[in-house]
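Note that the structure is a prediction, hence the values are computed from the model and not measured.
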Amino acid sequence: MDFYSAIKTVLWRLEPERAHHLALWALTHNLTPAVAAEPDDPRLRVAVLGRLFANPIGLAAGFDKDARAWRQAARLGFGFVEVGSVTPRPQSGNPRPRLFRLERDHAVINRMGFNNEGVEAMAGRLAARQAGAGGVVLGINIGKNKETLDAAADYEIGARRLGPFADYMVINVSSPNTPGLRALQGKAPLAELIARTHRALGESCGPNPPPLLLKIAPDLTEADLADIAAVALEGMLAGLIATNTTIARLPGLDPRHASQAGGLSGRPLFAPSTAILSALYRLTQGKLPIIGVGGIASGADAYAKIRAGATLVQLYSALVFEGPGLIQRIKRELLQCLERDGLGAIGEAVGLDHR
């Protein structure tokens with residue numbers, strides 16, 4: 001029995017958000033077993049966004065909202081870690097309960113509402129970090145405060161204050177839990193938001209600002225995706241992240257929680273998020289790197305995202321059900337997929353389904 005299996009029964013007796021905080025606290029205090037220190041197989045290396053990733057598996061935003069445990073998370077075997085979403089001012093988020101496990105479906109519903117301590121608290125924790133200095137690749141995911149009317153102003157604040165610490169920065173306009181946020185994915189507001197955030201990064205970071213990415217929702221039409229692709233190809237974005245959680249409810253979900261408001265993640269999100277990823281790859285003609293996220297729980301899942309067009313992938317919800325040992329297992333299974341297809345490096349599989 002591994003460490004997570006031994007403590008899972010205890011964690012799952014707790015209310016989900018309390019269990020999350022306990023897991024984060026344990027990680028922060030180095031109370032989780034260390035992963036073997038051998039380097040990753042060189043076939044898993046990915047050079048993209050001006051950085052070298054030891055492997056393509058990342059921790060998605062949402063787990064470490066305030067950059068408390070990003071170093072420790074990287075030691076679990078991730079190739080990169082994304083922190084946030086973080087807003088300019090601290091906010092408590094939506095009322096509890098706001099996090100629900102759908103155990104049978106290997107899924108999670110959350111309506112957290114960008115609960116975080118704000119950019120100043122995160123900047124304090126990252127003050128000693130120099131972007132690009134080696135070690136774990138760190139992404140910073142920024143959002144807006146619930147009451148802010150000029151959304152772009154909040155993203156400018158996040159970019160200016162946190163850009164100097166980021167290896168890449170993410171505009172999050174796709175959480176379903178902040179009123180009006182997803183409306184920013186429209187072509188005109190999105191173009192303005194990206195331009196203002198990109199300018200703020202340049203002002204704070206000089207001639208070499210961190211790459212700017214956009215995280216989108218899975219609940220978009222083909223016309224929405226075409227508009228996003230067109231804006232993305234204008235040159236200010238370095239990549240896309242597909243996708244955030246979904247407000248859709250697929251038939252057959254656990255009836256105890258399926259009607260809860262919020263974003264659904266985990267296994268039921270795999271197919272729709274991968275379809276969005278594949279469509280974006282076609283619409284951008286493979287010219288922009290895409291980070292694939294949504295429902296990954298195995299090496300086969302990660303490989304399917306990569307073949308659909310992802311250069312990198314992220315996961316989070318599967319850790320709730322499988323524990324941190326999942327990361328090493330995914331990397332082993334990815335190598336098996338490469339060997340099966342006769343490929344020498346993971347980069348050769350990117351977009352393979354479109355060729």
Side-chain angles (χ1 to χ4, degrees), residues 11 14-32 58-76 78 80-99 108 110-131 135-148 154-175 177-178 181 204 210 213 215 241 244-245 262-263 265 293 314-317 319-320 324:
L11 285 174
L14 300 175
E15 184 266 332
E17 190 167 347
R18 289 180 63 86
H20 170 81
H21 288 308
L22 179 59
L24 185 62
W25 178 85
L27 193 61
T28 303
H29 290 82
N30 297 304
L31 297 179
T32 56
L59 177 61
F63 177 78
D64 188 5
K65 292 176 179 289
D66 295 305
R68 292 180 173 276
W70 56 277
R71 286 190 182 91
Q72 294 90 336
R75 295 180 193 137
L76 298 176
F78 287 107
F80 63 110
V81 173
E82 189 173 311
V83 297
S85 292
V86 60
T87 56
R89 296 172 300 286
Q91 62 181 27
S92 58
N94 293 320
R96 296 170 73 161
R98 54 193 179 180
L99 185 64
V108 173
N110 91 83
R111 51 173 179 264
M112 305 301 289
F114 282 174
N115 56 307
N116 72 101
E117 296 177 354
V119 297
E120 289 303 324
M122 182 177 287
R125 293 192 181 98
L126 298 176
R129 184 178 198 272
Q130 291 185 338
V136 60
V137 175
L138 179 67
I140 300 179
N141 184 306
I142 55 175
K144 67 175 284 293
N145 283 107
K146 181 177 180 178
E147 71 278 8
T148 300
D154 273 8
Y155 290 91
E156 288 176 311
I157 291 170
R160 285 197 180 95
R161 190 68 182 95
L162 298 173
F165 311 118
D167 290 311
Y168 69 88
M169 181 151 279
V170 182
I171 294 173
N172 184 358
V173 291
S174 51
S175 169
N177 302 315
T178 295
L181 189 72
S204 64
L213 285 76
K215 187 169 187 176
I241 302 182
N244 213 315
T245 58
S265 60
V293 55
Q314 291 177 324
L315 57 87
Y316 171 15
S317 295
L319 294 175
V320 175

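Residue-environment remark: CZ (Arg18) stays at or below the threshold of 12 foreign heavy atoms within 6.0 Å.
For Leu59 against Leu319, the heavy-atom pair with the smallest separation is CD1-CD1, 3.8 Å. Between Pro97 and Arg111 the shortest heavy-atom distance is O-NH2, 3.3 Å. Closest heavy-atom contact between Ile142 and Tyr155: O-CE2, 3.2 Å. Across every non-hydrogen atom of Asn145 and Pro90, the tightest pair is ND2-O, 4.3 Å. Residues Ile140 and Met122 share a closest heavy-atom pair of CG2-SD, 3.9 Å. Between Leu99 and Met112 the shortest heavy-atom distance is CB-SD, 4.2 Å.
Here Trp25 and His29 bring their ring centres to under 6.0 angstrom of each other.
Below 30°, between 30° and 60°, or above 60°: for Phe63 and Tyr316 the angle between ring planes is above 60°, a perpendicular geometry.
A search for side chain to side chain donor-acceptor pair (under 3.5 Å) contacts involving Ser174 returns Asn172, Asn244, not counting sequence neighbours.
Using a 3.5 Å distance cut-off with no hydrogens or angles, the side chains of Asn110 and Asn177 do pair a donor with an acceptor.
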| query | Between Asp167 and Arg129, does a salt bridge (Lys or Arg N to Asp or Glu O under 4.0 Å) hold up when you go through it step by step? | reply | CA-CA 10 Å; Asp167 290 311; Arg129 184 178 198 272; 2.7 Å; yes
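In this structure the side chain of Ser265 reaches within 4.5 angstrom of the side chain of Thr245, judged on heavy atoms.
A salt bridge does not link Lys144 to Glu156: none of the charged nitrogens lies less than 4.0 Å from a carboxylate oxygen. Of the charged side-chain nitrogens involved, none lies within less than 4.0 Å of a carboxylate oxygen, so that Arg125 and Glu120 do not count as a salt-bridged pair.
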